[in-house]
Amino acid sequence: QEQFIGLPSYRVGPYAAGGSGIYGGWIDYMTLINERDGGINGVKLTWEECETEYNNARGVECYERLKGKGPTGNTTFQPLSTGITYSVLEKVAQDKIPMVTIGYGRTDAADGRVFPWVFPMISTYWSQASGMVKFIGGKVGGLEQLKGKKIVYLYHDSAFGKEGIPLMEQSAQKYGFTLKQIPVAHPGNEQQAQWLQIRQEKPDYVILWGWGVMNPTALRAAARSGYPRDRIVGGWWSGSEEDTIPAGDAAKGYISANLSGVGTGFPVIQEVQKHVYARNKGNMEDKNRVGSVYYNRGIVHGILTVEAIRTAQQKFGAGKPMTGEQVRWGFEHLNLDADHLARLGATGLLPELKVSCADHEGAGKVKFQQWDGSKWLPLTDWIEADRAQVRGLIEASAGAYAKEKGVTPRDCSKEP
Amino acid sequence: MNDIASAVREQAPPAGHAGRIGGVVLDLQGISLSFGGVKALTDISFDVREHEIRSIIGPNGAGKSSMLNVINGVYHPQQGRILFRGEERRRMEPHRAAAQGIARTFQNIALFKGMSVLDNIMTGRNLKMRCGLLRHALYWGPAQREEIAHRLKVEEIIDFLEIQGIRKTPVGRLPYGLQKRVELGRALAAEPSLLLLDEPMAGMNVEEKQDMCRFILDVNDQFGTTIVLIEHDMGVVMDISDRVVVLDYGRKIGDGPPDEVKRNPEVIAAYLGAAH
Amino acid sequence: MLYREAGQFKASYQADQQIFPIRQDRVGFSLVLAFFFLLVPAVANQYWLQAILIPVLIFSLAALGLNILTGYAGQLSLGSAAFMAVGAFAAYNFMLRVPGMPFLLALVLGGLCAAAVGVAFGLPSLRIKGFYLAVATLAAQFFIIWALTKFPWFSNHSASGVISTQAVVILGYAFDTPASKYLLTLSVVALLALLAKNMVRSSTGRAWMAVRDMDVAAEVIGIRPLHAKLSAFAVSSFYCGVAGALYAYTYLGTVEPEGFNLDLSFKILFMIIIGGVGSILGAFLGAAFIVLLPIFLDNIIPQLFGGLLSSSFSSNLQLIVFGGLIIFFLIVEPHGLARLWQIGKEKLRLWPFPH
Amino acid sequence: MQFFFEVLIGGLLSGVLYALVALGFVLIYKASGVFNFAQGAMVFFAALSFVGFQEVLQRWGLPAAPAFWLAFVLTLGAMVVLGILTERIVLRPLVNQPPITLFMATIGLTYLVEGIAQGIWGANVRGLDLGIADEPVEWVMESAGLLVSRFDVFAAAMAGALVLSLALFFQYTRTGRALRAVADDHQAALSIGIPLQRIWAIVWAVAGFVALVAGLIWGARNGVQFALTYTALKALPVLILGGFTSVPGAIVGGLIVGASEKLAEVYIGPMVGGGIESWFPYVLALAFLLLRPEGLFGEKHIDRV
Amino acid sequence: MSTDAAVPYLEINNVEVIYDHVILVLKGVSLKVPRGGIVALLGANGAGKSTTLKSISNLLRAERGEVTKGSIHFKGDRVDRMTPSDLVKRGVIQVMEGRHCFAHLSVEENLLAGAYTRGHARAEIRAGLEKVYHYFPRLKQRRGSQAGYTSGGEQQMCAIGRALMARPEMILLDEPSMGLAPQIVEEIFEIVKDLNRSEGVGFLLAEQNTLVALRYADFGYILENGRVVMEGAAAELAANEDVKEFYLGLSGEGRKSFRDVKHYRRRKRWLS
Ligand SMILES: Nc1ncnc2c1ncn2[C@@H]1O[C@H](COP(=O)(O)OP(=O)(O)OP(=O)(O)O)[C@@H](O)[C@H]1O
Ligand SMILES: Nc1ncnc2c1ncn2[C@@H]1O[C@H](COP(=O)(O)OP(=O)(O)OP(=O)(O)O)[C@@H](O)[C@H]1O
Ligand SMILES: [Mg+2]
Ligand SMILES: [Mg+2]
């Protein structure tokens, strides 16, 4: 009895640091389930990695290659790359394989009526942006205090970097702050010009929507131009150890969003240490990275996947391998309340989550954390995005997609 | 130009060759050319008559190749006038010169190394081909007909130069002497009225030189092509040219029929040496 | 002595100028065509069609385009992916904005847009040569991707800059299965390959090669270098553009500008160098090699070393082996796989004698 | 005006950093006519090996300072070995091949080096501290009110020293002359007894040293991670601007590219939506090339008939 | 063949060369150069003269050619596995056909590069330079110009001068007379003779200019289609009727004018 999960991973090239952390955590969690529990109700998890090098074409190849493996075929596809997400978006619906994209991918896919097979769970970019506005509002003494303030949105000049813009613009209007957008050309290893501009603008906050080497470079450049780091708020792809360590002292005080908790303090991670690493079955080459931001995000991937399968088993038969279609149902009915999280030992590691037919995001929350010079410290509890605002944007965008593609959205009241 | 090779075989060179030499085709007046500090040519004037074989000789570095480069527009002289068929030009682009019927070969072989002999010679006919890119892409009808028509001409040249056996060989693999012959073929393919040959016989043994001379003379006789020839082999130059220009360090030191030039003391001192 | 041309005489130049003057080649090639047109769609599974064959074909087309520019006309370019992007986005916008636009026409128009852009970026080639030109073509690569990202009109104001292509329908027939998409791609690629072959064996192609081998001499025999270079840029970009449109329509379905990044340009360059610069067959062999090798390694290396290696190391080992094989093949045959094939044929012709 | 100068100076200083990487390219191109695409990977490899050795040595209990220098020496050794191996495995069998083939081989080498680097040292992102604070030089700040980073000044000085010594080396030494000869014509160089093998090994080792210096400086600036390979992209426009064959050209090209791209980003960028740094240097370089096709200081391509 | 009492300085035995793995060019060539001898290697275009020289100097590999059979000895040592650089150090140097100067180096730098194998012996190198300038005054005039911009003849002198800078004991000279003015050709052969006499430098000359070559050489080989078809003392060869007709252009009644030669005259060949 096996449940197969295809892992389109990347462990070489510029993305390797993130990839090895996330896939390491994820695989460790699945190992934990197998080792400790003997699988999900006795169904062992099996997986196979397929190196994508973060490349769309190779991702598609991996998708096709993994599709038919295992007794029930690949049952969930989580490419960890927006490009690959887009490339297989239509295929997953045809092949009936749910695709989970946590913290990346197509934002408007959170509208489950239009995208039944895609699950951008926990938070989308717009939730993140909204969470950031709320966080900064809190810092300045309430959202209404944002009026007249100036925020710089420093972004990676790419589709990814521009994701936050619509929500930021809307919020700027809504709350009356000035938004200044400054792009950084890929790869962003030189930001002299941008930070001189920022120095001239004297913004109250800088939102850092960066990627890769752009992040430490930004922090360095900020330090050099004397901009206080604790007024830079990064996104969750700008908030890992990989982003701060290279910046050295310059990163001290820097704040970033995250969609998972940080550190080894969670019971589930202790369990991993005990059942996996103590038995020498850990996937991380560098054990010190257990508990790091990306690693924990990988654990979250593991938890969500396993719990979706468990949920599906409850409906379709415990102890049996689930098909992709059944797992999709599991995702759509995933309900991780506080109790459930506590049972998993993951309280605080991920927010409470309730996915539904219409809402594939499930939580829309972010946490903020601060770098103390050597590690990330939690700064806030979960902050919920302005869900109405986010939802509005999502539905508009999904609606446009549905129209362009001629898709009729599901009627959620009729869903089982 | 029907089967030149066999035609030539039957025909001895016409006796009255000198009689066919016509008026001035190319007139160079006061040409000066320098590169930075180096004066390659200083105030050179000479002319070339229709149907003649005009040789340029001179020591190494005298400016002979530069002279050819001036004639077909690769170099632009700082001073002087060039009259080609009575038409004056100061600045000429090489492809325009080609269009007007000037073809040439190069001292250091300038064949297209990646192509076969056939293709190399076919490029010589590029100027005469009319079909455009789209027709070529389709290759059907006019393009193919044109291709075959020109292929016929090129095959005549191949026969003429007796290089049938290496038609499909990439030129890079050919020995030097054959490459020179192919280069001549490429120049001939354009059916030029003025042919500039830069040391076509360098690196050949006597037998091959004889062949090459034969080709040059035949071209000259058969098509009335005017020929400007640079050559270091005095035997060849004295035997086949009608008139000879002698350059030395960019200056002209002699001009006239071979016999006359041969006796010119300045030429002997500068170039021929006592032996000749 | 199976492979010999002895006894095959060509009575006309027409016969001599065929693409495959040797009978064995003609037969072999027909068999290959039949195999790919008839047998493959019938027996190949979706994985092979969708994940291997279609991309190999599309990359072959792009490589063919680059090969025309680099291999035949001698202009090294590092911007092919950008021209693919132009083709993809142009085709998308034609389909989107012109009601009733037939797909094949959009494909051609996409290619033409790419050709126009290609010509614009090819203008400096008259003065700039070799690696200088190569680096200069990076301007095209970065500028085009920047422009496609920067101006939302190109992606129909999609928030993420991603376009998802319209359904492919030709004369009422919807190409929506892998097999039909494969056949469509194959037909387009085969047709364009034929046209390319025709171009390179006619005076256009000879002008390109002449400019490549020695542009001064080419000019002296009356070839206008600018004309030859620009036409090569145009044709090359057209091919890349069509490849880009196919990449979007028959392969991925959705594309974003960043998908056409420098890496992709390089990949196409690898294809022609590994396959054989200045060879049509080389474009196909090279594309197949570059697409298949990493997949092969990804399958084989974890199996060979199974538990011995950590997954990171096995991924890195793939990279190492890939790089090593590229070098190995270059050393074995610097002129690419196509040349290897040719030498093989030559040996076969002499077989069983070694020389 | 103040702001203008700040941008200008910042740009010039980052230009020097670009030049540092460009130098590695020039070195190899000048000596073997090879456009070494692997230069970026070598920078990455050098920096990664350096911090890797440092980590290992410190884990063994060596104090920071000796660990730093020992790691430096070890990395230098590794780069020399890499250079020699490259010559052995890649270049030697490819003598006299067209430049594009050699170029391609260096791309293969790029994969090889990247794979080896990450295979040995892992994919972790690391910091690198050279002990030079990246903060404004005070007296400039006080007297002129300009931000000039101490670190950048240090880097510029390093680059300047390297450029000077390399330029002298090429022009006036026997080996330097042999290098240029090799670049012109492999076969002729062989024929007069220049030991190509040794020459190339030397050059690649020196290029490895330059890569190490570049890797340390860039690594200290942005962290040691895969993105170091991208520094090569920054060096390319510098290279065409200055000329592939000119050592001083690398510096001048670097200064021009650095200053102009920053000024353009600040003053032109906002008009077109910004992010023009990605292509502006290339377009600028292209414009220069139209005037001088061999770059500002490059050797003229000799083509005679 | 006339017997050579002297020890063969350079001896190549039954050498076979294949290009590109398939093109067989030399089909077993054997020849000898005695100490201090000048030996001419004659033959039509494509006979394999250059290939023979390159197989000796080991430059074949760079053209994807290889010696597949046979052996090459220099002063009794087998040298066919040596690098060109070691060979130059041992005193064997080739002047390649078609000049091959370093285009971007000045003439003088070209010459200095030729002294690479001599290490840092400055005074000696200066002396060598002076000697070359003495032989080729024209080079002295152009010493500062980039070699790529000098005329063909100047480049040829530069290439020969460059080889001399290595103080070789044996020079493989590939078509030295090509493209040179008659005076210079004589001069160059005089230099050859001079070097040979005063310094005992041996020469293997691949030459098309048979007339001159046989005048200066002691011994000659005629190569055709990759095989040696005739060998003998230079004077003997020059007297041979076939050689006279095909290589010297002399028929019964002396030299014929080039204008009068009929090109349909079919050649007789020794082989093929
Ligand atoms: N690199 C190569 N690849 C393939 N064939 C070659 C190569 N070099 C030479 N050949 C062939 O080898 C044969 C001998 O060439 P080689 O250059 O030795 O002749 P040669 O006697 O020196 O002639 P020439 O007098 O023209 O210089 C020729 O037929 C030539 O086609
Ligand atoms: N493009 C150039 N740049 C600089 N100098 C040049 C150039 N072309 C020719 N020269 C110089 O002009 C002079 C004449 O050269 P040219 O090639 O015309 O001589 P040549 O008479 O053909 O000699 P050869 O018989 O040796 O071929 C030479 O000194 C040469 O160095
Ligand atoms: Mg000349
Ligand atoms: Mg030869």
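Letters A, B, ... mirror the listed sequences (proteins, then strands); counts begin at 1.
Going from atom CD1 of C/I128 over to atom CG of D/L290 covers 4.5 Å, rounded to the nearest 0.5 Å. Expressed to the nearest 0.5 Å, how far CG of C/L78 lies from CZ of D/F37 amounts to 8.0 Å. Between D/E114 atom CD and C/L319 atom CG the span is 6.0 Å, to the nearest 0.5 Å. In this structure, C/L330 CG and D/L94 CG are separated by 6.5 Å, a value rounded to the nearest 0.5 Å. Atom CZ in D/F35 sits 9.0 Å away from atom CG in C/L76 (nearest 0.5 Å). Taking CH2 of C/W146 as the reference point, atom CD1 of D/I276 lies at 7.0 Å (rounded to 0.5 Å).
In this structure, chain C has heavy atoms under 4.5 Å from both the backbone and the side chain of D/L289. For D/A285, no part sits under 4.5 Å from any heavy atom of chain C, backbone or side chain. For C/F266, the part lying under 4.5 angstrom from a heavy atom of chain D is the side chain only. Proximity to chain C is absent for every atom of D/L241, based on heavy atoms less than 4.5 angstrom apart. Looking at D/V113, there are no atoms closer than 4.5 Å to chain C (heavy atoms on both sides), in backbone or side chain. For a residue to count as touching a neighbouring chain, one of its non-hydrogen atoms must lie under 4.5 Å from one of that chain's; by this rule D/Q118 touches chain C with backbone and side chain alike. Contacts between C/L262 and chain D at a heavy-atom distance below 4.5 Å involve the side chain alone, from C-beta outward. When heavy atoms are compared at a cutoff of 4.5 Å, C/F313 approaches chain D solely by way of its side chain, counted from C-beta outward.
For the pair D/P293/C/Y132, no side-chain contact is recorded, criterion being any heavy-atom separation below 4.5 Å from C-beta on. Contact of the D/I100 side chain with the C/T70 side chain is registered, since non-hydrogen atoms from C-beta on lie closer than 4.5 Å. Using a 4.5 Å cut-off on side-chain heavy atoms (C-beta onward), D/M104 and C/I326 make contact. With contacts defined as side-chain heavy-atom distances shorter than 4.5 Å, the pair D/Y29/C/F131 qualifies.
In this structure, D/L286 and C/P124 approach most closely via the heavy-atom pair CD2-CG, 4.1 Å. The minimum heavy-atom distance between D/L112 and C/G324, with the atom names listed, is CD1-N, 3.4 Å. Among all heavy-atom pairs drawn from D/A105 and C/I327, the shortest one is O-CG1, 3.7 Å.
Of all the listed residues (D/P281, D/A123, D/G274), the one sharing the greatest number of non-hydrogen pairs under 4.5 Å with chain C is D/G274.
D/Y111 places no side-chain N or O within donor-acceptor distance of the main-chain N or O of C/Q318, the cut-off being under 3.5 Å. When atom types are taken as modelled, the side chain of C/K150 and the backbone of D/G273 share a donor-acceptor pair closer than 3.5 angstrom.
Classification of the D/W279-C/F143 ring pair by plane angle, with boundaries at 30° and 60°, yields perpendicular.
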